[in-house]
Enquirer: 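Questions regarding the structure given below will be posed in turn.
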Amino acid sequence: WQATCLITRKYFSGEGNMKSLLIILVLISNFLVNIESSEASICNLNPTDSIQSALNRGCSFIWLAPGTYMEEVTINSSVIIQGSGAHRSDVTLHVPLNKQVKINNTLSSVLFKNMTIIGMGGVEATGTVDITYYEQCEPDFESGQEFCWEEVTETDVVITTEHGGCIYSAAEYLTLDDVELKECYATIKGGAIYSSNTNSKLDIFRSNIHHNSTGGDGGAIYVKGAVNIESSNFNNNHAFLEGGVFYSTDRLPIFFQSIS
């Protein structure tokens, strides 16, 4: 990282794989505490299924089969959303233009694992974007995929998402583990992620966050709470104002290990 690309309060080096394991175990413990009052529900989804519908049914572990899921998602309780593919690129959550993955519960624990989250903007976005999407779609129930045959292109579409181009989180614990997060844009703060909870903890492990941008602060991430990032890559993230990669408003602990 270039010094001009990063705004932080503290920088610490970690102690290797054992520290990462302990952090993940703490994360799982926090998640279990938050859902212990209700029976955990495991839901297996195909790309023709809706993640939001699974959340509305009370699923606390959502297992995504390989393919693309294109939808806005609102999360109101603790949940694990995990791709079942051999690689994180096998499962993609494509967030529609001017929509978000929005986490509302300030006491929740949310984990995204082994998947790609992609927005409709990106590093070239300057308030408008050209988008291509497909209409005339229908599911193939045998393969579990959705097939579309009419391509539609719109030019100079105005981006209106202000905070968190792909993820807006009020969660107490938000974790990305083996996640690719890319091509997200916010007009004001947090090109990819905006964490609004001052009592929160953001953990990022083994992830690749790239080609995100904002018209304000925090090209990739804008946080108000504690942060831990390990074994992750950041590239081609841009902010018009401060924090090309990362912007923090608080003096809570910020840990980085094996970051490029």
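Keep in mind the model is a prediction, meaning the values are calculated, not measured.
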Enquirer: Using a 4.5 Å cut-off on heavy atoms from C-beta on, say whether the side chain of Tyr194 contacts that of Ile188.
Expert: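 They are not in side-chain contact.
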
Enquirer: Atom CD1 of Ile118 and atom OG1 of Thr68: how far apart are they, to the nearest 0.5 Å?
Expert: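 That separation rounds to 9.0 Å.
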
Enquirer: Quick one: does Tyr173's side chain have a donor or acceptor within less than 3.5 Å of a partner on Ser78's backbone?
Expert: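 No: the side chain of Tyr173 does not pair with the backbone of Ser78.
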
Enquirer: Would you check if the side chain of Ser232 reaches a backbone N or O of Glu230 as a donor-acceptor pair within less than 3.5 Å?
Expert: yes

Enquirer: Would you mind reporting whether Ile117 and Val95 have side-chain heavy atoms less than 4.5 Å apart?
Expert: yes

Enquirer: Looking at Pro66 and Pro47, what are the two nearest heavy atoms and their distance?
Expert: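 For Pro66 versus Pro47, the nearest heavy atoms are O-CG, 3.4 Å.
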
Enquirer: Which atom names give the shortest non-hydrogen contact between Ala171 and Asn197, and what distance separates them?
Expert: O-ND2, 3.7 Å

Enquirer: Rounded to the nearest 0.5 Å, how far does NZ of Lys224 lie from CG of Leu202?
Expert: 14.5 Å

Enquirer: Can any side-chain N or O of Thr116 pair as donor or acceptor with the backbone N or O of Arg88 at less than 3.5 Å?
Expert: yes

Enquirer: Distance from Ile62 atom CD1 to Tyr69 atom OH, nearest 0.5 Å?
Expert: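 Here the interatomic distance stands at 10.0 Å.
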
Enquirer: Can you list the residues that meet the side-chain contact (heavy atoms from CB on, under 4.5 Å) rule with Asn76, with sequence neighbours excluded?
Expert: Thr74, Asn104

Enquirer: Starting at CG of Leu181, measure out to CD1 of Ile167 and round the result to the nearest 0.5 Å.
Expert: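 Nearest 0.5 Å value for the CG-CD1 distance: 5.0 Å.
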
Enquirer: Mind checking whether Ile75 and Leu55 have side chains closer than 4.5 Å, heavy atoms only?
Expert: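 Side chain of Ile75 against side chain of Leu55, heavy atoms only: contact under 4.5 Å found.
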
Enquirer: Can you give me the closest heavy-atom contact between Phe205 and Asn228, atom names plus distance?
Expert: CE2-ND2, 3.5 Å

Enquirer: Please check if the side chain of Gln100 supplies one atom and the backbone of Val73 the other of a donor-acceptor pair under 3.5 Å.
Expert: no

Enquirer: If you look at every heavy atom in Ile51 and Leu45, which pair is closest and at what distance?
Expert: CA-CD1, 3.8 Å

Enquirer: Check this for me, if you would: do Lys201 and Asp203 make a salt bridge, where the nitrogen-to-carboxylate-oxygen distance has to be below 4.0 angstrom?
Expert: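 Salt bridge between Lys201 and Asp203, a charged N being under 4.0 Å from a carboxylate O: yes.
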
Enquirer: Can you tell if the side chain of Glu242 reaches within under 4.5 Å of the side chain of Tyr247, non-hydrogen atoms only?
Expert: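 Yes. Closest side-chain heavy atoms under 4.5 Å.
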
Enquirer: Might you work through the side-chain contact (heavy atoms from CB on, under 4.5 Å) test for Asn237 and Ile209, ending with a clear yes or no?
Expert: CA-CA 8 Å; Asn237 299 286; Ile209 300 177; 4.3 Å; yes

Enquirer: Cut-off 3.5 Å, side chains only: do Ser89 and His87 have a donor facing an acceptor?
Expert: yes

Enquirer: For the side chain of Asn44 and the backbone of Trp63, is there at least one donor-acceptor N/O pair under 3.5 Å apart?
Expert: no

Enquirer: Quick one, Arg57 and Ser41 - any side-chain contact, counting heavy atoms below 4.5 Å?
Expert: no

Enquirer: Give me the atom names and distance for the closest heavy-atom approach of Pro96 to Glu72.
Expert: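 Heavy atoms of Pro96 and Glu72 come nearest at CD-N, 3.7 Å.
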
Enquirer: Kindly say whether Ala186 contributes a backbone atom to a donor-acceptor pair with the side chain of Thr214 at under 3.5 angstrom?
Expert: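 Judged by distance alone, yes, a pair lies under 3.5 Å.
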
Enquirer: After noting the C-alpha distance and the side-chain angles of Val245 and Ile221, does the key distance pass the side-chain contact (heavy atoms from CB on, under 4.5 Å) rule?
Expert: CA-CA 6 Å; Val245 173; Ile221 300 170; over 6 Å; no

Enquirer: Other than Phe240, which residues form its hydrophobic cluster under the rule that side-chain heavy atoms must be closer than 4.5 Å?
Expert: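 Phe240 clusters with Leu241.
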
Enquirer: When rounded to the nearest 0.5 angstrom, what distance separates SG in Cys166 from OH in Tyr185?
Expert: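 Reported to 0.5 Å precision, the distance equals 13.5 Å.
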
Enquirer: Of all heavy-atom pairs between Ala239 and Gly219, which one has the smallest distance, and what is that distance?
Expert: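 It is CB-N, 3.6 Å.
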
Enquirer: I'd like to know if the side chain of Asn212 reaches the main chain of Glu183, judged simply by a donor and an acceptor atom lying under 3.5 Å from each other, with no hydrogens or angles considered.
Expert: yes

Enquirer: With no hydrogens and no angle check, just 3.5 Å: does a side-chain donor-acceptor pair link Glu180 and His210?
Expert: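 Distance-only check passes for Glu180 and His210.
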
Enquirer: Is any NZ, NE, NH1 or NH2 atom of the basic residue among Asp217 and Lys189 found under 4.0 Å from an Asp or Glu carboxylate oxygen of the other?
Expert: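 Lys189 and Asp217: not salt-bridged.
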
Enquirer: So Tyr168 and His163, would you call those rings parallel, tilted or perpendicular, with 30° and 60° as cut-offs?
Expert: perpendicular

Enquirer: Would you check if Ile81 and Leu93 make a side-chain contact, meaning some heavy-atom pair closer than 4.5 Å?
Expert: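 Of all side-chain heavy-atom pairs linking Leu93 with Ile81, none is under 4.5 Å.
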
Enquirer: Drop me the distance from Ser207's OG to Ile229's CD1, to the nearest 0.5 angstrom.
Expert: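 With rounding to 0.5 Å, OG (Ser207) is 9.5 Å from CD1 (Ile229).
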
Enquirer: Check this for me: does any side-chain nitrogen of one of Lys113 and Asp177 sit under 4.0 Å from a carboxylate oxygen of the other?
Expert: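 Here Lys113 pairs with Asp177 in a salt bridge, since their nearest N and O are under 4.0 Å apart.
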
Enquirer: Answer with yes or no whether the side chains of Ser200 and Ser195 bring together a donor and an acceptor at under 3.5 Å.
Expert: yes

Enquirer: Using distance alone, with no hydrogens and no angle criterion, decide if Ser108 and Glu172 have a side-chain donor and acceptor under 3.5 Å apart.
Expert: no

Enquirer: Any heavy-atom pair between the side chains of Asn235 and Asn208 that's under 4.5 Å?
Expert: yes

Enquirer: Any side-chain heavy-atom pair from Phe112 and Leu174 closer than 4.5 angstrom?
Expert: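 Phe112 reaches Leu174 side chain to side chain.
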
